[in-house]
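These notes are about the structure you will find just below.
Lettering follows sequence order; numbering is per chain, from 1.
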Amino acid sequence: MSAPLSQEQKIVHFLSRISFGPTPEEVQRVNRLGIRAYLDEQLEPEKISDNAAEEKVAALKTMRLSSRELFELYPPPKVAQERGMMPGEMNAPRFVILELQQARLLRAVYSQRQLYEVLVDFWNNHFNIFAAKGADRWLTTVYERDTIRPHALGRFRDLLLATAQSPAMLFYLDNWLSVSPNGAMARMPANARRRGLNENYAREIMELHTLGVDGGYTQQDVREVARCFTGWTLVRPRGDPEFRFEPRLHDQGAKTVLGTRIAAGGGVEDGMKIIDLLARHPSTAKFIATKLARRFVADDPPASLVSRVADAFRRSDGDIRTLIRAIVDSPEFYSPEAYRAKVKKPLEYVASALRVTNAETQVTPQLLRYLGRMGEPLFLAQPPTGYPDVSASWVSPDMLLTRMNFAADLVGNRVDGARVQATALRATQQFVRVIAPDSLSSGTRAALAEAEGPEALALLLAAPEFQRR
Amino acid sequence: MNHSRRSFIKSAGLGFLALGLPPSFLVRAAGAQQGSRGKVLVVVFQRGGMDGLNVVIPFKDRAYYTLRPSIAVAEPAAGEERAVDLDGYFGLHPALAPLKNIYDKGHLAIVHAAGSPDNTRSHFDAQDYMEIGTPGIKSTPDGWLNRYLSEKRLSDSPFRGVAVSPQTPRMLTGAAPTLSLSSIEEFRLRNQSMAATLQKLYTQSTDPLFRQGGNSLFDAMARLRAIESKIPPSSATYPAGRFGNGLKQIARLIKADVGLEIAFTEIEGWDTHVNEGGTTGILANRLKEFGAGLAAFYQDLGDRLDDVVIVTMSEFGRTARENGNRGTDHGHANVMFVMGGRVRGGKVYGRWPGLAQEVLYEGRDLDLTTDYRTVCSEALARHLAQRDMARIFPGFRPAISVGLLA
């Protein structure tokens with residue numbers, strides 16, 4: 001299609017991108033306030049009261065606990081045995097991840113701070129942690145809450161630093177074990193696990209967190225960055241974990257990173273310099289602009305948009321609010337090419353179905369299992385790349401089948417934990433207006449006209465049109 | 001596998017009649033209407049960068065022990081916690097002991113110092129290059145397994161290319177329709193009353209992405225239901241987990257003669273920066289699952305293995321030197337396994353470049369002497385009779401012939 005978007009389409013498009021899916025109520029609100037004012041509101045989430053969502057999340061007790069408390073209450077089986085605890089589903093480490101997944105889906109469905117939640121999900125995936133890796137089972141809850149959430153609409157540099165010093169990241173990408181091979185500690189026999197450099201974090205902070213794989217760094221830069229971050233470590237990973245700079249583990253020599261010389265004896269400042277250098281590097285501006293534009297506009301975002309957002313990144317020193325405005329205010333955002341150009345990833349698909357039908361949701365393991373079968377078990381992406389954000393990744397036959405089965409199960413009220421009310425079952429035509437106004441194919445229109453009640457709704461949620469946003 | 005019985009049937013000709021056993025070729029002929037007993041190439045991707053040097057151990061290369069003071073696997077000798085001797089120079093990690101028998105029977109070949117020639121140490125890029133088949137060139141739109149399927153149109157079976165993995169792997173994406181599934185039994189719509197309408201919505205959709213996905217899905221579901229009762233259960237015990245399940249489903253599809261030509265599955269968890277260990281540790285645990293899976297597949301397929309070649313690969317090897325944490329960082333060349341009834345196994349192929357400092361790739365990694373595309377080309381040419389290899393691996397000409405298949 002090439003006609004410019006109608007006002008109705010613009011609103012639905014806007015809501016499809018800055019939230020986990022439009023609802024009749026939010027469409028009305030945008031109509032009343034206007035897109036600009038609605039966006040302003042969403043960009044100040046701290047001013048939006050969010051009781052419904054927070055009450056539901058508050059019922060998940062692990063969400064409030066520290067890593068130390070989580071480890072105490074949900075210890076690994078061996079420790080549980082030693083303490084004479086009765087092992088069970090409710091005190092296993094897996095329960096911590098389960099509640100974390102539940103909270104993510106509940107907030108996606110119920111939060112009034114939708115744009116904020118979209119960004120929390122985005123940054124969590126950008127700075128991915130595999131929650132099932134060792135001590136990260138007790139660290140990821142805190143990572144999401146205290147590292148990602150405070151900075152999701154803040155400054156990129158602060159977010160980068162927060163992740164660099166977070167126990168979860170120090171553990172996941174092994175930097176806590178990376179030490180100077182010449183340092184005093186490395187030679188102590190008690191330190192069998194820490195005898196030298198570990199490149200894991202140094203590589204990923206450049207490839208995945210900042211510069212991008214083509215951002216202009218070399219293998220030598222990876223070594224040098226790893227040397228700068230020696231001594232950025234973690235104490236008590238399974239007790240009361242905390243970031244610490246340990247000078248005795250640090251490589252005190254001079255380093256050169258991306259052509260910048262870092263003088264000997266810098267201590268903890270070496271790592272701080274790397275954070276600043278990477279956060280302000282032009283490749284980072286471009287890489288982050290590309291990823292955000294990919295999330296909000298199109299798999300292959302227009303170069304004109306990327307370069308404008310990258311400029312905004314440089315001018316604002318990586319202010320995430322400014323970047324979002326640059327994207328949502330752009331002509332590319334409302335271009336016909338961008339309309340419905342993105343395939344919903346599984347979280348977006350499930351949340352948007354629950355939102356549009358106003359289903360009463362208590363997130364259950366069964367509900368979460370659908371997400372797994374669709375390819376996105378939350379917080380469980382093993383590689384540091386996180387989950388992909390391009391359409392082709394989410395449409396394998398098995399994934400499509402799971403979406404169809406989910407739609408039918410949801411509408412048939414066969415999903416444990418989600419109840420669709422009778423009124424919703426009769427509101428299919430109303431939902432069409434908030435999903436894809438004037439954009440259904442003739443085939444889908446005909447099918448919906450022939451079907452009745454619940455079956456029409458199930459078809460709408462399973463149809464190709466509802467897989468896109 | 002019951003090797004003696006297999007040789008017996010082969011050599012005894014019509015002797016089976018006396019035993020009252022159904023001749024396997026007649027059983028196959030019955031299945032021929034479905035898709036005939038075709039040749040199958042199975043690719044196993046080990047995601048994360050497997051440490052080939054601790055998988056097939058060069059125990060006679062003394063530098064190996066110097067480079068890896070705390071994670072080296074001891075050379076073969078009496079006792080269990082040591083490498084399993086293959087040829088006097090290389091040994092299998094003890095966790096792979098189940099594969100030794102297959103190697104000895106000549107059905108497992110190993111290619112060392114093999115992999116992708118690009119020097120990237122990014123997981124994502126290295127996997128991508130390996131999957132699109134053009135290391136160093138990112139713009140290639142499709143995967144090399146899909147190019148094979150597009151090249152040959154042996155049948156219109158929706159099972160020509162099947163991935164048992166959560167996502168369709170890059171290696172299998174492209175113009176030819178392919179299928180991904182995780183379980184034969186669960187591959188069905190639960191609400192059958194919607195099936196006809198949904199099929200129409202998808203297969204007649206104006207959205208090409210969903211039209212293609214829908215076509216593959218509904219075609220495959222229909223065919224799978226039609227033959228489901230003929231799909232035999234597994235006759236081997238696979239290790240628990242996604243990898244064992246993947247091989248199990250593939251073996252069942254092979255035995256059901258559904259027209260499978262290319263199969264893919266994967267196993268994660270090879271990114272051993274910390275506590276990789278030697279004979280025990282993270283790598284040993286991954287290898288246990290990997291070896292048990294391949295051994296079960298071998299046993300399960302029995303004499304159908306004559307029609308199957310399975311090739312394993314990982315995006316890169318790891319540093320020759322251990323790092324500071326009893327682990328290894330991202331490196332270069334690796335080791336590949338090739339298993340099948342017609343494989344010239346029982347041998348470690350590939351020129352060994354050595355591990356002395358002056359011959360290490362970029363001063364740190366095992367150098368590469370066999371391009372993985374050479375290994376794959378031999379499987380495609382000898383096993384699947386693909387002639388024009390430039391269509392599969394554009395711009396690549398194998399520099400050497402390994403001779404993996406007769």
Side-chain angles (χ1 to χ4, degrees), chain A residues 173-174 177-181 186 192-200 203 207-208 213-214 219 222 226 340 343 372-375 382-385 388 391-401 404-405 407-409 412 414 441-444 447 450-451 455 458-459 462-465 467-468, chain B residues 47-48 70 119-125 127 138 158 163 165-168 173 178-183 186-191 193-194 197-198 200-202 204-207 209-214 216-218 220-221 268-269 271 273-275 319 322-327 329-330 362 364:
Chain A
L173 290 180
D174 307 317
L177 295 172
S178 184
V179 307
S180 165
R193 289 181 73 193
R194 301 191 200 190
R195 276 190 297 236
L197 285 187
N198 189 309
E199 294 176 2
N200 202 8
R203 180 182 308 283
E207 177 185 335
L208 300 175
V213 71
D214 300 318
Q219 173 58 37
V222 172
R340 310 181 49 71
V343 168
R373 273 297 287 274
M374 292 175 199
Q382 188 165 357
T385 26
S391 303
S393 305
W394 304 115
V395 297
S396 79
D398 209 38
M399 293 173 178
L400 285 183
L401 176 62
M404 293 174 193
N405 279 332
D409 290 350
R414 289 187 299 272
S441 70
S442 55
T444 302
E450 279 168 34
E455 186 142 314
L459 280 174
E465 283 88 342
Q467 311 309 317
R468 289 192 176 272
Chain B
R47 298 201 189 274
S70 81
N119 74 344
T120 181
R121 292 182 182 87
S122 147
H123 291 296
F124 187 79
D125 271 5
Q127 289 180 19
K138 286 188 181 176
S165 59
Q167 298 179 348
T168 305
T173 55
T178 60
L179 188 64
S180 67
L181 52 77
S182 43
S183 148
E186 288 175 42
F187 198 70
R188 64 176 80 238
L189 269 177
R190 280 196 290 277
N191 186 341
S193 70
M194 283 168 63
T197 315
L198 277 175
K200 213 164 116 189
L201 280 188
Y202 272 79
Q204 296 175 9
S205 172
T206 49
D207 189 328
L209 192 63
F210 290 102
R211 190 170 62 241
Q212 190 183 347
S216 305
L217 171 63
F218 285 99
M221 278 196 296
E268 291 188 310
D271 198 15
H273 288 277
V274 172
N275 283 342
T319 45
E322 68 176 71
N323 68 13
N325 311 126
R326 296 193 75 222
D329 292 323
H330 303 180
E362 296 184 352
R364 50 182 268 149

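- Taking CG from Leu181(B) and CG from Leu401(A), the interatomic distance works out to 9.5 Å, rounded to the nearest 0.5 Å.
- Contact of the Pro383(A) side chain with the Phe124(B) side chain is not registered, since no non-hydrogen atoms from C-beta on lie closer than 4.5 Å.
- Between the Asn191(B) side chain and the Ala408(A) main chain, no donor and acceptor come within less than 3.5 Å of each other.
- Highest contact tally toward chain A, considering only His330(B), Gln204(B), Glu322(B), is held by His330(B) [criterion: heavy-atom pairs under 4.5 Å].
- Of the possible donor and acceptor atoms, none in the side chain of Asp174(A) sits under 3.5 Å from a partner among the backbone N and O of His273(B).
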- Do Asp207(B) and Arg468(A) pass the side-chain contact (heavy atoms from CB on, under 4.5 Å) test, and can you show the C-alpha distance, the side-chain angles, and the key distance before you say yes or no? CA-CA 10 Å; Asp207(B) 189 328; Arg468(A) 289 192 176 272; 2.5 Å; yes
- Task: Kindly determine whether Arg190(B) and Arg414(A) satisfy side-chain contact (heavy atoms from CB on, under 4.5 Å), including the steps that lead there.
- Result: CA-CA 11 Å; Arg190(B) 280 196 290 277; Arg414(A) 289 187 299 272; 5.6 Å; no
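- Interface residue Asn275(B): only side-chain heavy atoms are found under 4.5 Å from chain A.
- Looking at Ser441(A), only its side chain comes within 4.5 Å of chain B, counting heavy atoms on both sides.
- Annotation: maximal heavy-atom pairing with chain B below 4.5 Å, among Val222(A), Leu208(A), Thr385(A), Leu197(A), occurs at Leu197(A).
- The closest side-chain heavy-atom distance from Met404(A) to Leu201(B) is not below 4.5 Å.
- At a 4.5 Å heavy-atom cutoff, the contact between Ala458(A) and chain B is made by backbone and side-chain atoms alike.
- Ion pairing of Asp214(A) with Lys138(B) is present here, as a side-chain N (NZ or NE/NH1/NH2) and a carboxylate O approach within less than 4.0 Å.
- For Thr178(B), the part lying under 4.5 angstrom from a heavy atom of chain A is the backbone only.
- In this structure, chain A has heavy atoms under 4.5 Å from both the backbone and the side chain of Ser180(B).
- Partner of Leu217(B) under the side chain to side chain contact (heavy atoms under 4.5 Å, CB included) criterion, out of Val395(A), Asp398(A), Leu400(A): Leu400(A) alone.
- Between Gln219(A) atom CD and Arg121(B) atom CZ the span is 4.5 Å, to the nearest 0.5 Å.
- Your options are Arg340(A), Glu450(A), Glu465(A), Glu207(A), and the one with the most heavy-atom pairs under 4.5 Å with chain B is Glu207(A).
- For Gln212(B), no part lies near chain A; criterion is any non-hydrogen pair under 4.5 Å.
- Proximity to chain A involves both the backbone and the side chain of Thr168(B), based on heavy atoms less than 4.5 angstrom apart.
- The backbone N or O of Ser178(A) lies less than 3.5 Å from no partner atom in the side chain of Asn323(B), so there is not a single donor-acceptor pair.
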- Start with the C-alpha gap between Glu199(A) and Arg364(B), add the side-chain angles, then the distance that decides, and say whether salt bridge (charged side-chain N to carboxylate O under 4.0 Å, His left out) holds. CA-CA 13 Å; Glu199(A) 294 176 2; Arg364(B) 50 182 268 149; 2.7 Å; yes
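- Closest non-hydrogen pair, Asn325(B) versus Gly196(A), comes out as ND2-O, 4.4 Å.
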